[in-house]
Asker: 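Submitted below is the structure of interest, expressed as structure tokens.
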Amino acid sequence: MYEKITPPAAGAKITFKNGEPIVPDNPIIPFIRGDGTGIDIWPATQKVLDAAVAKAYKGQRKISWFKVYAGDEACDLYGTYQYLPQDTLTAIEEYGVAIKGPLTTPVGGGIRSLNVALRQIFDLYACVRPCRYYAGTPSPHKNPEKLDVIVYRENTEDIYLGIEWRQGSEIGDRLIKLLNEELIPATPEHGKKRIPLDSGIGIKPISKTGSQRLVRRAIKHALLLPKNKQQVTLVHKGNIMKYTEGAFRDWGYELATSEFRQETVTEQESWILSNKEKNPNISLEENARQIEPGFDNLTPDKKAQVVKEVETVLNTIWASHGDGKWKEKVLVNDRIADSIFQQIQTRPDEYSILATMNLNGDYLSDAAAAIVGGLGMGPGANIGDSSAIFEATHGTAPKHAGLDRINPGSVILSGVMMLEFMGWQEAADLVKKGLSDAIANSQVTYDLARLLEPPVEPLKCSEFADAIIQHFG
Ligand SMILES: NC(=O)C1=CN([C@@H]2O[C@H](COP(=O)(O)OP(=O)(O)OC[C@H]3O[C@@H](n4cnc5c(N)ncnc54)[C@H](OP(=O)(O)O)[C@@H]3O)[C@@H](O)[C@H]2O)C=CC1
Ligand SMILES: O=C(O)CCC(=O)C(=O)O
Ligand SMILES: [Mg+2]
């Protein structure tokens, strides 16, 4: 079945039922070491995870690691250009849950991202990236502890589908001609717009199915959070990209108010309900005026539309959501993408789950990680209905590769997410405690050491792993 690798003799498969993993006590878990700093980070991660599982379960549970190959290491073993061998895909398919270090993607030409390919091949449609603060972590932000968000990034479409044509390519030029001469003129709203002839072209598909399954997962996650964090913010640039990003927002609200009608309230609904709670005799028109800025300057048709919306909300959900009951629901709101970048800095505690399309989520997860201590503290998971691959937010950080200095925190915390996904909470808690206590004692790698005041002598990557284990207690 495998060409060049052999699964561990001991251990059993993780299987999935209704999207949930069924985990044996001795699961076989494939891992990809990763390019660049993967060589430093992976051994540190494996050591910490194994120590936590051993301490938590005293031998009753144990991970059987299965080394599989991707990136440069794969080419060394399988031959030139064999970046993602079939063996690796077969192993992940068979064992369901995997963890990986970062993989290099060249800019401009060359291979397309192996990281993105893995997400698409296994339909890992939700990229989940929590950004929370560990006490003692130095941060450029004044109140980093106020940020506690989870970026829920759609992981399979948007421009990451990778359908692009190079400037000057035959098909690219044909496409531009077709657009300029037929399709754009046939679309009145595009008027006399034309694509410059020397353009590269990329396609940005945002589907209803892809958007809604991401938002569904985000709302389900919100329902498990403490009450004050039960919020999902739909992040989009729908003012500019109306039929892709704007549609993402609309489909998100549509899903929330249909599939989760009893569990959710939209921000606009919450204003309408609370206006009526404050003033039970408020007219529909006055309620509309209070929720719609500039109401008095709207055309009569627009005014009537807002009044109708108010009436519909009160007629349909007053009984289930009125009299303050909406405060117990998951709040679904939306923010424009550029605004959310400043909001997570100026009003971090107002946000919880940030549901995004692929590109926005890529940007936002690095930015949010920076607030809570940097890319060394940014874990992640790529989750689908029948498999999951855990990986950090950051890349290969090539200038630090092989120096035993990089912060393994993000991949270790990705391992924590994996343990939690498996239901191995006791082991996950040990790692979180060890990492928190190491940081609180200023036992940190170079990235955090240089920011501490006064600066401290940095630990090596491997020493940080040992410090985490010592702090298990
Ligand atoms: N999922 C994946 O596998 C990903 C892969 N990539 C790929 O990685 C390659 C390199 O990308 P690049 O743009 O340099 O981005 P990286 O995320 O690899 O690194 C950028 C900088 O972030 C800081 N950093 C990254 N990881 C850590 C860490 N573990 N601990 C502390 N600091 C860290 C370092 O800053 P400083 O030097 O200032 O300390 C580093 O130089 C590219 O090929 C890219 O495509 C990128 C993102 C995700
Ligand atoms: O695949 C890559 O090289 C980059 C991916 C990335 O930046 C991410 O997933 O956050
Ligand atoms: Mg990224």
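Counting starts at 1 for both ligands and their atoms, following the listed order.
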Asker: I'd like to know if D466 and K47 make a salt bridge, using a cut-off of under 4.0 Å between side-chain N and carboxylate O.
Answerer: yes
Asker: For atom 7 (O) of ligand 2, what's the nearest protein heavy-atom neighbour? Residue, atom name and distance, please.
Answerer: D362 OD1, 3.2 Å
Asker: Between K237 and E245, does any side-chain N to carboxylate O distance fall below 4.0 Å?
Answerer: no
Asker: Give me the nearest non-hydrogen protein atom to atom 15 (O) of ligand 1 as residue plus atom name, then the distance to 0.1 Å.
Answerer: G395 N, 4.4 Å
Asker: Find all atoms of ligand 1 within a distance of less than 4.0 Å from any non-hydrogen atom belonging to D447, and give their numbers and elements.
Answerer: 30 (N), 31 (C)
Asker: For H394, take its heavy atoms, then give the atoms of ligand 1 lying under 4.0 Å from any of them.
Answerer: 2 (C), 4 (C), 17 (O), 25 (C), 26 (N), 29 (N), 47 (C), 48 (C)
Asker: Considering non-hydrogen atoms of the protein only, which is the closest contact for atom 18 (O) of ligand 1, and what is the distance?
Answerer: A397 N, 2.7 Å
Asker: Strictly inside 4.0 angstrom of atom 11 (O) of ligand 1, do you find any protein heavy atom?
Answerer: no
Asker: What protein heavy atom lies closest to atom 7 (C) of ligand 1? Include the residue and the distance to one decimal.
Answerer: L103 O, 3.6 Å
Asker: State the CG-OG1 distance between D447 and T137, to the nearest 0.5 angstrom.
Answerer: 10.0 Å
Asker: With heavy-atom distances below 4.0 Å as the criterion, list the atoms of ligand 2 near R129.
Answerer: 8 (C), 9 (O), 10 (O)
Asker: Tell me the nearest of S113, G361, P106 to atom 1 (O) of ligand 2, using heavy-atom distances.
Answerer: S113
Asker: In the protein, what heavy atom is nearest to atom 4 (C) of ligand 2, and what distance, to one decimal place, separates them?
Answerer: N115 ND2, 4.5 Å
Asker: So is R119 close enough to ligand 1, meaning a heavy atom under 4.0 angstrom away?
Answerer: yes
Asker: Answer with yes or no after comparing the ring centroid distance for Y243 and F248 against a 6.0 Å cut-off, counting only values under it.
Answerer: no
Asker: Mark up the atoms of ligand 1 that fall under 4.0 Å of a heavy atom belonging to T104, in ascending order.
Answerer: 43 (O)
Asker: Using non-hydrogen atoms of the residue, decide whether R153 is closer than 4.0 angstrom to ligand 2.
Answerer: yes
Asker: Can you tell me how far apart CZ (R174) and NZ (K177) are? Round to the nearest 0.5 Å.
Answerer: 10.5 Å
Asker: Find all atoms of ligand 1 within a distance of less than 4.0 Å from any non-hydrogen atom belonging to K399, and give their numbers and elements.
Answerer: 37 (O), 41 (O)
Asker: Supply the atom-to-atom distance L161 CG to N358 CG, rounded to the nearest 0.5 angstrom.
Answerer: 9.5 Å
Asker: A cation-pi test, strictly: NZ or CZ of R153 under 6.0 Å from the centre of the six-membered ring of Y160 and no more than 45 degrees from its axis. Yes or no?
Answerer: yes
Asker: Looking at K220, I'd like to know if its NZ atom is crowded, meaning that more than 12 non-hydrogen atoms belonging to other residues, nucleotides or ligands lie closer than 6.0 Å.
Answerer: no
Asker: At under 4.0 Å between heavy atoms, is it the side chain or the backbone of T105 that contacts ligand 1, or both, or neither?
Answerer: both
Asker: First locate atom CE of M377, then atom OH of Y134, and finally report the distance between them rounded to the nearest 0.5 Å.
Answerer: 6.5 Å
Asker: Identify the protein heavy atom lying closest to atom 39 (O) of ligand 1, giving its residue, its atom name and the separation to 0.1 Å.
Answerer: Y446 OH, 2.5 Å
Asker: Report yes or no: does M377 have a heavy atom closer than 4.0 Å to ligand 1?
Answerer: no
Asker: Name whichever N, O or S atom of D362 ends up nearest to the Mg ion (ligand 3).
Answerer: OD1
Asker: Looking only at non-hydrogen atoms, which of E391, R119, H394, R112 approaches atom 9 (O) of ligand 2 most closely?
Answerer: R119
Asker: Do Y83 and Y78 pass the ring-ring contact (aromatic ring centres under 6.0 Å, His included) test, and can you show the C-alpha distance, the side-chain angles, and the key distance before you say yes or no?
Answerer: CA-CA 8 Å; Y83 286 99; Y78 289 83; over 10 Å; no
Asker: Determine, for E350 against K146, whether the closest basic-nitrogen to carboxylate-oxygen distance falls under 4.0 angstrom.
Answerer: no
Asker: Would you tell me which option among N407, N382, T396 has the nearest heavy-atom contact to atom 8 (O) of ligand 1?
Answerer: T396
Asker: Which atoms from ligand 1 have a heavy atom of R450 less than 4.0 Å away?
Answerer: 36 (P), 38 (O), 39 (O)
Asker: Using the six-membered ring of Y69, assess whether NZ or CZ of K67 lies under 6.0 Å from its centre and within 45 degrees of the ring axis.
Answerer: yes
Asker: Please indicate whether any nitrogen or oxygen in P102 is less than 3.5 Å from any nitrogen or oxygen in ligand 1.
Answerer: no
Asker: Is any NZ, NE, NH1 or NH2 atom of the basic residue among D87 and K4 found under 4.0 Å from an Asp or Glu carboxylate oxygen of the other?
Answerer: no
Asker: Students should be able to answer this: which protein heavy-atom is nearest to atom 28 (C) of ligand 1, and at what distance?
Answerer: I406 CG1, 3.5 Å
Asker: Quick one: look up the protein heavy atom nearest atom 14 (O) of ligand 1 and list residue, atom name and how far away it is.
Answerer: P398 CD, 4.2 Å
Asker: Have a look at ligand 1 and work out which part of V411, if any, has a heavy atom under 4.0 Å from it: side chain, backbone, both or neither.
Answerer: neither
Asker: Starting at CZ of R61, measure out to NZ of K58 and round the result to the nearest 0.5 Å.
Answerer: 12.5 Å
Asker: Can you classify the ring geometry of F31 versus W42 as parallel (below 30°), tilted (30 to 60°) or perpendicular (above 60°)?
Answerer: parallel
Asker: Nearest to atom 21 (C) of ligand 1, what protein heavy atom do you find, and at what distance?
Answerer: L375 CD1, 4.5 Å
Asker: Any atoms of ligand 1 less than 4.0 Å from a non-hydrogen atom of H400? List them with their elements.
Answerer: 36 (P), 37 (O), 39 (O), 41 (O)
Asker: Output the list of atoms in ligand 1 that are nearer than 4.0 Å to some heavy atom of K100, sorted by atom number.
Answerer: 3 (O)
Asker: Considering non-hydrogen atoms of the protein only, which is the closest contact for atom 1 (N) of ligand 1, and what is the distance?
Answerer: E391 OE1, 3.0 Å
Asker: Which of the atoms of ligand 2 are close to T105, meaning less than 4.0 Å from one of its heavy atoms?
Answerer: 1 (O), 2 (C), 3 (O)
Asker: Which value, rounded to the nearest 0.5 Å, describes the distance between H400 atom NE2 and R405 atom CZ?
Answerer: 5.5 Å
Asker: Testing E463, H471, E457 one by one against Q443 for a side-chain hydrogen bond (donor to acceptor under 3.5 Å, both in side chains), which residue passes?
Answerer: H471
